[in-house]
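Scroll down for the structure; my scribbles are underneath it.
Nothing fancy with the numbering, it's 1 onward along the sequence.
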Amino acid sequence: TLMLPAGASAASPSPVVLQTHGWGGTRAKSPSGLMNVLLRRGYAVLTWDSRGFGESGGEANIGAPGFEVADARSLIDFVAKRPEILKDSPGDPRMGWIGGSNAAGVQFNTAAVDKRIDALVPEISWGNLVRDLLPGGVLKQTWDLILYGAGGATAATLGIWSPAGPQTGIFAREIHEAFVQGMALGELDASLIEWFSKRSTTVRSNKVDAPTLIIQGSVDTLFPLNDGFGNYQNLVRGGTPVKLMTYCGGHTLGCDYPGGTSGDPKNVSDARSVPDRRILAWLDRYVRDKRAGTGARVEWQAQDGYYYRAPSYPLPKTMVRATKPVTDVVLIGPGATGGDELASGGPAPQIEIGTTAHRATILGRANRPRAVLGNPRISIEGRVLGVKGHSFFELIDVAPDGTRVTLDDQTMPRALPLGDFNKSFTLHGVSWMLPRRHKLELEITTGSSQYSIPRTGPYQVAFDEAVVKLPLTRWAAHRHRIAP
């Protein structure tokens with residue numbers, strides 16, 4: 001669907017913004033929200049049903065070069081032929097691109113091969129797709145069920161009524177195979193891991209040269225902050241103009257930050273104000289060549305509801321703080337919920353501590369706030385007895401009154417082989433301002449409601465040691481709060 005602003009014509013052409021939809025979604029056929037604002041500001045907007053969904057036929061392939069990317073390039077050719085669309089040269093429309101989740105991944109993978117795109121705004125994109133769907137070798141049960149079920153519904157129904165005739169979409173065969181293997185075995189074979197890996201945005205984003213505003217959700221338990229951090233650093237290394245924003249949103253069951261994503265904890269009426277302002281400014285600057293303030297290079301939202309500015313990621317004066325909070329700890333498994341919900345992490349209940357869960361302090365209390373922005377790492381040594389084991393790792397903010405909160409709802413799983421293990425890996429990324437007088441704990445459990453664990457029998461995990469490396473900054477990040 002091509003929507004044109006008032007007055008757009010061959011004599012007065014308009015730049016265009018492309019926008020498709022998330023996995024299992026359908027295109028917007030009439031303007032609303034941000035799209036209305038774009039039209040009022042003189043942008044044309046092109047929306048479409050991604051292949052396999054809505055009224056489109058074809059095979060959903062997760063942003064693959066020969067499939068969704070080829071479709072997007074054909075749509076760029078289409079708008080380039082429209083007389084109402086502004087062009088830099090024949091076949092090259094003046095264009096930006098917005099959209100989240102599936103739409104964001106297609107942006108990255110298309111811009112890596114098509115240099116006609118003038119600005120990107122990928123929101124809550126995947127990065128390393130294998131790590132996103134099978135972190136630590138453990139299936140994300142809740143999200144995999146949602147993605148498979150919701151995607152299948154729109155792929156099989158809405159296309160029947162397509163104006164072009166029945167266009168019933170389907171999933172690629174590998175998606176069906178991955179779902180069956182994952183549900184039955186809790187893992188994927190090497191050929192499927194390779195198939196998903198080839199669709200990762202982080203293997204191509206270093207080839208993107210369109211100015212890019214990356215918006216990633218801190219509480220996104222499907223595509224966590226690691227994806228945004230990784231793509232940002234790829235673009236920085238490539239010399240591409242890039243800005244990174246984190247916010248309380250994404251693939252999540254809700255945001256409980258004061259003020260939501262507004263950046264104003266005392267006012268919830270403008271729930272998208274900061275991200276939307278930055279999107280509009282980014283398009284104005286790089287598509288319309290206007291002098292528009294796009295904010296600091298990095299703007300991140302902490303759990304207090306405020307956004308903070310920084311000149312770079314990692315934050316200035318970031319250091320790696322290593323602690324060894326765990327020695328000679330034995331846990332039995334499989335555990336129960338670990339305190340987690342179906343799509344978010346939470347501290348384990350006290351009844352699990354000492355048997356299927358363990359907590360230890362990794363950062364003591366201090367008299368000033370401390371920013372933790374980045375990807376923590378952990379190294380573990382020990383052994384598994386019984387059958388193949390599973391452990392789950394969270395960082396916990398502990399208030400002076402003992403209240404515990406999991407940082408950004410994130411739980412990182414790890415499949416452990418029978419026998420000895422010595423593993424080092426990255427936890428899910430976090431965007432957190434540890435308040436004064438709060439401390440930080442590492443929690444290890446042998447169960448989580450978020451993940452699928454093959455119930456093959458009991459096991460015991462003996463940790464000889466665990467070393468945590470935190471991205472901490474000596475920079476006074478708390479003094480760079482953005483005023484609402």
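Using a 3.5 Å distance cut-off with no hydrogens or angles, the side chains of Arg199 and Asn61 do pair a donor with an acceptor. Judged by distance alone, the side chains of Trp143 and Thr221 do bring a donor and an acceptor atom under 3.5 Å apart. A donor-acceptor pair shorter than 3.5 Å cannot be found between the side chains of Thr202 and Asn128. Side-chain contact annotation: Asp264 with Ser262, donor-acceptor N/O pair under 3.5 Å absent. With 3.5 Å as the limit, one finds a donor-acceptor pair spanning the side chains of Tyr257 and Ser218. In the model, Ser205 has a side-chain atom that pairs as donor or acceptor with a side-chain atom of Asn231 under 3.5 Å.
The main-chain N or O of Ser431 is found under 3.5 Å from a side-chain atom of Asp408 such that the two form a donor-acceptor pair. Side-chain N or O atoms of Glu68 include one that pairs as donor or acceptor with a backbone N or O of Ile62 at under 3.5 Å. Side-chain atoms of Arg474 never come within 3.5 Å of backbone atoms of Met319 as a donor-acceptor pair (strictly under, hydrogens ignored). When atom types are taken as modelled, the side chain of Gln107 and the backbone of Gly99 share a donor-acceptor pair closer than 3.5 angstrom. Checked by atom type and distance alone, the side chain of Thr446 never pairs as donor or acceptor with a backbone atom of Pro334 at under 3.5 Å. Within the 3.5 Å criterion, the main-chain N or O of Thr261 finds a donor-acceptor partner in the side chain of Tyr307. Using a distance-only test at 3.5 Å, with no hydrogens or angles considered, a donor-acceptor pair links the side chain of Gln410 to the main chain of Asp220. A donor-acceptor pair under 3.5 Å is absent between the side-chain atoms of Glu341 and the main chain of Gly345, judged by distance alone. Of the possible donor and acceptor atoms, one in the side chain of Arg370 sits under 3.5 Å from a partner among the backbone N and O of His438. Checked by atom type and distance alone, the side chain of Thr212 never pairs as donor or acceptor with a backbone atom of Leu120 at under 3.5 Å.
Side-chain atoms of Val17 and Val121, non-hydrogen and from C-beta on, never get closer than 4.5 Å to each other. Side-chain contact between Ile175 and Leu147 is absent, with no heavy atoms from C-beta onward closer than 4.5 Å. Looking only at side-chain heavy atoms (C-beta outward), Phe463 and Leu331 come within less than 4.5 Å of each other.
Looking at every heavy atom in both residues, Tyr459 comes nearest to Val387 through CB-O, 3.5 Å. Considering all non-hydrogen atoms of both residues, Thr473 and Arg368 come closest at O-NH2, 4.4 Å. Closest of all the heavy-atom pairs between Ala172 and Trp195 is CB-CZ2, 3.8 Å.
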When you look at Glu441 and Arg404, which way does the salt bridge (charged side-chain N to carboxylate O under 4.0 Å, His left out) test go after all the steps?
CA-CA 9 Å; Glu441 292 179 334; Arg404 287 181 165 85; 2.8 Å; yes
When you look at Tyr451 and Thr411, which way does the side chain to side chain donor-acceptor pair (under 3.5 Å) test go after all the steps?
CA-CA 10 Å; Tyr451 295 94; Thr411 303; 6.0 Å; no
Residue pair Trp126, Phe108: steps toward the ring-ring contact (aromatic ring centres under 6.0 Å, His included) verdict:
CA-CA 10 Å; Trp126 71 82; Phe108 273 122; 9.0 Å; no
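Each of Arg278, Arg309, Arg277 was evaluated against Glu299; a single residue qualifies, Arg278, per the salt bridge (charged side-chain N to carboxylate O under 4.0 Å, His left out) test.
One finds a salt bridge joining Glu187 and Lys388 here, because a Lys/Arg side-chain nitrogen approaches an Asp/Glu carboxylate oxygen to under 4.0 Å. Using a cutoff of 4.0 Å between basic side-chain nitrogens and carboxylate oxygens, Arg383 and Asp464 are scored as salt-bridged.
Rounded to the nearest 0.5 angstrom, Asp409 CG and Thr252 OG1 are separated by 6.0 Å. Atom CG of Leu373 and atom CG of Leu315 lie 4.5 Å apart (nearest 0.5 Å). Taking CG of Asp397 as the reference point, atom CG of Leu440 lies at 7.0 Å (rounded to 0.5 Å).
The number of heavy-atom neighbours closer than 6.0 Å to CZ of Arg479, taken from other residues, nucleotides and ligands shown, is 12 or below. Within 6.0 Å of the NZ atom in Lys140, the count of heavy atoms belonging to other residues, nucleotides or ligands exceeds 12. Other residues, nucleotides and ligands contribute more than 12 heavy atoms inside 6.0 Å of the CZ atom of Arg297.
The cationic group of Arg414 lies under 6.0 Å from the six-membered ring centre of Phe425 and within 45° of the ring axis, placing it in a cation-pi geometry.
Between Tyr232 and Tyr313, the angle of the ring planes goes over 60°, which puts this pair in the perpendicular group of the 30/60° scheme.
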